[in-house]
Each structure stands twice: as C-alpha cells, then as structure tokens.
Amino acid sequence: MAFTNEQLERYSRHIILKEVGVKGQKHIMEGRVLIIGAGGLGAPAAMYLAAAGVGTIGIADADAVDLSNLQRQIIHASSDVGKPKVQSARETMNAMNPDAQVVTYREWINAANITDIINDKNYDFIIDGTDNFPVKFLINDACVMLKKPFSHAGIIRFQGQLLTYIPGKGPCYRCVFHNPPPPDAVPTCRQAGVLGVMGGVIGTLQATEALKFLLGMEGLLNGYLLTYNALTMDFRKVKLAPAHSCQVCGPEPSITTLIDYEQAVCDLREYHNN
Amino acid sequence: MSGQADARQTSARVDITDVVCPVTFVKTKVALEELEDGEVLEVRLNGGEPIQNVPRSLKDEGHKVTNVSQLDDGTFLLTVVKGGLL
Ligand SMILES: [Zn+2]
C-alpha cells in the first residue's frame, strides 16, 4: 500500500512519531476495530479511530438518536434526532475521514448474533461501549471464547473505569467482576446520570488502547483496572491478578456457551445508551 | 551531484522542496522505509527550516547524515545512510 500525498499530509503527525512511522500507520490503516454501542463511550472512540485512519470500523447499535443523547454522544448532531445511531455515526466518521470503511450493524448485541458480528470482518480489537452488565459479560465471554482482545469500560455520574483483555496476557472482565449484579440492583447511567465528558475521557482511552494494540505496542491496560474520579481528579491504576478459577477464561471453564442475562426492565428499550 | 563524501552508491533520491514541515520529514521517512540499513538516500531540500530540522530528525531516528552540499539554486543535498547511527 503506497500512501498518496494527501494521506502523507493527513497522517503526518502520526508518521513522524518514532513509535508509529510509515509501517505503524499502515498497520492502523489495515486494522479492523468493532465498536459495540454508539453512545457516550462509542462516539468519541469511533471518531478518533476514524480520524486516525483505522481502515475498517464496525459499529453496532439498534437505537435511534434521541435528544437526551446529545449532551454526551458527540458523534450525533441535533439534526440527527430520530436517525439510526449507526447511520448518524457513519456519516460523521466519513465526513472526518472518507478513507474509513464503516460497517454498520443496526441490531442489539445478544448471544445469538455476537459471534457472527465479530467474525463478519474478523475484527482485530473490540470496544465495549455499552452501559449494561448483561451485554458487558456477553462481550467478555464472546471475546474470551473467540480469543479476541477487547477494551471494557463503564461510566456513571463522575466515575469511569476501563480495563483491557488480551488473550493469554492477564485477567478477563469476569475474573474481576464474576457475575452481573441482579437486574435493577445497580443503576445504569440513564437512571443515575453521567457528566457528559466522562464518555469523552474514557472512550478516548479505549481508542488509545485499540491504536496501541494495532501498532503492536506494549504498555496496554491488560492486567490493570484504570479508574477516573472526576470529582477529585484522581486517576488510579490498580493491578489485577487472573482468577485461576475463572468461569470462562480459567483452565476448567464452566461457561462454554454464551449467556443472555436478564436486563433490568427499564433498560430494555435503550440499553446501549451510554 | 559532486561533494558526495560517502563512496557508497545512492540507492534512492527524494525531493522535498515542494512540501513544508512536517511533510518534509514524512516524505523522507517514507523514502527511507523502502531501503535496507546501510543503503544511501539522497534528499534535496530547501534552506531555512527544512535544513535546520530534517537532519536533526534523521539523527534522532538513528540515520547518519554523511554529507551536506548546497546547489547553485540555493537548495541543499543531503546524503543519508539508513540506520548509520544504530
Ligand atoms: Zn477470566
């Protein structure tokens, strides 16, 4: 793949980085990243990955843009209200960078479709931009079973967290959090509120993980949980150990098929709306 | 093309007089990417900002600038050995 002069100029700030260079930018442009959820986390992640030149970006979300999304889901504009989120996202991404091939999946992720979606473009890296526990565990289990690296993240109120799973290189999400809480035991950000910028901070860190993975770099958040408290402005990086008895990534897994956990009732309609 | 101190043959040439920073160094990096360590790249560049910065960036990345000469039209010619400082 030879760069056009326009591409050299577009990606010049990447190419001059020692850690990226021409080869690294080619890896980014050959990279395939799937973003599940076009909401608060997925919006900035999708925009930065498109801007960076990631060649194939899948985006999965069944929802339509709602006025209440616009306080934080910056990939959508006021004129997009009512439009499918995946369509609105694709338009924004291609306006920023026509090179990005954006593949849209206008469906809710569940045990029946997640494997096909991940395999559709044989994605290299998956970003969990959802806001509910059942789908977070489903993404974890599917990525463990398919040996795919992914970035988990969650945001609520003034708090955010993320961790990265890389097969064979540290714990999975279930090693740390075991099982989803009972439906309605924990508020989602729809019930609890979230400062709009939280998705920007954490979703951008997820995009950073995806780019570093595509570049073959070390120093990702596998084996760590990074938390951000916007009230005190504290970032904390906590070391995590793999759980040897993990139900899905341990040596004798008890979970070998994907599970659709029960949703909290009020989440059923809008469960990707971070 | 006189004044070339390095006896090794030039493997490739790149002209970056038609672009400005940072594309100057980007085009130089792209040209170097095609070469093996030890091969020689000749770079034609403008005076001022490019001649101040491009040789320095090349050294930072481990390439050796073995010759600099000025041409009659005021542009400069660099001779660069890929990976020559590694
Ligand atoms: Zn595990």
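First the proteins, then the strands, lettered A, B, ... as listed; each starts at 1. The analysis underlying the following values was restricted to heavy atoms, covering all of them including side chains, and did not include hydrogens, waters or symmetry mates.
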**Request:** May I ask you to decide whether B/Glu61 forms a salt bridge with A/Lys18, counting only side-chain N to carboxylate O separations under 4.0 Å?
**Result:**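 Salt bridge flag = no for A/Lys18 with B/Glu61.
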**Item:** Within 6.0 angstrom of A/Tyr48 OH, more than 12 heavy atoms from elsewhere
**Value:**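 Counting other residues, nucleotides and ligands, OH of A/Tyr48 stays at 12 neighbours or fewer.
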**Request:** Could you tell me whether A/Lys212 atom NZ has more than 12 heavy atoms of other residues or ligands within 6.0 Å of it?
**Result:**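 Check passes, neighbour count above 12.
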**Message:** Here's a test for you: under side chain to side chain contact (heavy atoms under 4.5 Å, CB included), which of A/Asn5, A/Val22, A/Ile16 qualifies with B/Val26?
**Reply:**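 Going through the options one by one, the only one that passes is A/Ile16.
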**Prompt:** Any idea which heavy atoms bring B/Lys29 and A/Gly21 closest together, and the distance?
**Reply:**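 For B/Lys29 and A/Gly21, the tightest heavy-atom pair comes out as NZ-CA, 3.7 Å.
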**Request:** With the side chain counted from C-beta on, respond yes when A/Glu9 and B/Val19 share a heavy-atom pair under 4.5 Å apart, and no when they do not.
**Result:**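 A side-chain contact under 4.5 Å is absent here.
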**Prompt:** At what distance, to the nearest 0.5 angstrom, does CD1 of A/Ile15 lie from OG1 of B/Thr28?
**Reply:**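 Answer rounded to 0.5 Å: 11.5 Å.
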**Asked** How long is the gap from CZ on A/Phe3 to NZ on B/Lys27, to the nearest 0.5 Å?
**Response**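 One gets 13.5 Å once the value is rounded to the nearest 0.5 Å.
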